[in-house]
Each structure stands twice: as C-alpha cells, then as structure tokens.
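Shown next, in structure tokens, is the structure this report addresses.
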Amino acid sequence: MQSTVVNGTRSAAAGSGTQTITGVGFTWKAAIVFATQDNNDSCSWGFIDDADAEMNMHQVGTAHAAENIRLIRILSGADEMNAVGARSGDDLNITWTKVGAGMDTSFSILFLG
C-alpha cells in the first residue's frame, strides 16, 4: 500500500471554481480529506474512492450532519464553501462552490493506493 498527504487551501476570494490537486505520485484508490474553516469552529471530513463515490461529515459548533453528495462542506451561518471531487488520472479535481460570503478553508488529503 502507498500513501501520501497533500496540504492545501481555498480562499473565499477565489470564489467558485475547480482546483486540481497534483503531486500524488501514484495511482490512488481512495482519499480522505480533512478540512476546516480558518479561524472558526467549522470542520468537515470527506472520503472519495476511485469511482468518484463521495461522503462527508461536517460540524458547525455542536451541530453535525453527514451526506453523500459532496466531498467537503464548511458552513457558518448563511455562508458556505462546499466541494465535489473527481478523479483525473493521478490527480484530484475539487470543484468548489461559494455560497454567501464563503470562507477561507484549509485542508489535508490522505491519498491511499
């Protein structure tokens, strides 16, 4: 089994759009994503496999939920940054959607192959 961790960020100022995560170095079978809103208490954990099946759990303060339509979901009141993932060769394309003011997001991805 191979694994590697890739760290990244998404700025709310960048708005909606696709971010490509490169540098994995091997054909991955699954990835686990840990994301947090910078300077707040919102966080999300997501999973994607090599068939692009996704699932996430997210928490805002003491509220939490799970869903199978996004890789990441960071909430804070009416503001949101959420993401859907898609495999592209050895890379991972993350398509971000900004709702309201959005928020700056930091993430780490554990790729497994």
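Please read these numbers as outputs of a predicted model, since none were measured by experiment.
Applying the salt bridge (Lys or Arg N to Asp or Glu O under 4.0 Å) test to residues at least two apart or on different chains, the pairs with a partner in residues 74-89 are Arg73-Glu80. For residues 21-34, the set of pairs meeting the side chain to side chain donor-acceptor pair (under 3.5 Å) definition, not counting sequence neighbours, comprises Thr27-Asp90. Residue pairs meeting the side chain to side chain donor-acceptor pair (under 3.5 Å) criterion with at least one partner in residues 46-55, sequence neighbours excluded, do not occur; the list is empty.
Membership of an apolar cluster is not assigned to Val99, as no side-chain contact below 4.5 Å to another ILVMFWY residue is traced. Leu112 belongs to a hydrophobic cluster whose other members, connected by ILVMFWY side-chain contacts under 4.5 Å either directly or through intermediates, are Met1, Val5, Ile32, Phe34, Trp45, Phe47, Met57, Leu110. Through side-chain heavy atoms spaced under 4.5 Å, either directly or across other Ile, Leu, Val, Met, Phe, Trp or Tyr residues, Val60 is tied to Leu75.
Here the closest non-hydrogen pair linking Ser42 and Ile74 is CB-CG2, 3.8 Å. Considering all non-hydrogen atoms of both residues, Asp104 and Ala12 come closest at OD1-N, 2.9 Å.
Trp96 and Val84 fall into different hydrophobic clusters, where Ile, Leu, Val, Met, Phe, Trp and Tyr side chains are chained together by heavy-atom contacts under 4.5 Å.
Contact of the Thr4 side chain with the Val24 side chain is registered, since non-hydrogen atoms from C-beta on lie closer than 4.5 Å. Proximity of Leu92 to Val6: side-chain heavy atoms (C-beta onward) are nowhere separated by under 4.5 Å. In this structure the side chain of Asn56 never reaches within 4.5 angstrom of the side chain of Leu71, judged on heavy atoms.
Expressed to the nearest 0.5 Å, how far CZ of Phe107 lies from CD of Gln19 amounts to 4.0 Å. For the atom pair Ile109 CD1 and Ile72 CD1, the distance stands at 8.0 Å (nearest 0.5 Å).
In this structure Ser16 satisfies the side chain to side chain contact (heavy atoms under 4.5 Å, CB included) test together with Thr97, Lys98, sequence neighbours excluded. The side-chain hydrogen bond (donor to acceptor under 3.5 Å, both in side chains) search around Asp91 returns none, not counting sequence neighbours. Remark: Ser108 engages Asn7 in a side-chain hydrogen bond (donor to acceptor under 3.5 Å, both in side chains) (not counting sequence neighbours). Qualifying salt bridge (charged side-chain N to carboxylate O under 4.0 Å, His left out) partners for Arg70, counting only residues two or more places apart in sequence or in other chains: Glu67. Applying the side-chain hydrogen bond (donor to acceptor under 3.5 Å, both in side chains) test to Ser106 and every residue at least two apart in sequence or in another chain returns Asp38. With sequence neighbours left out, the side-chain hydrogen bond (donor to acceptor under 3.5 Å, both in side chains) criterion links Asp41 to no other residue.
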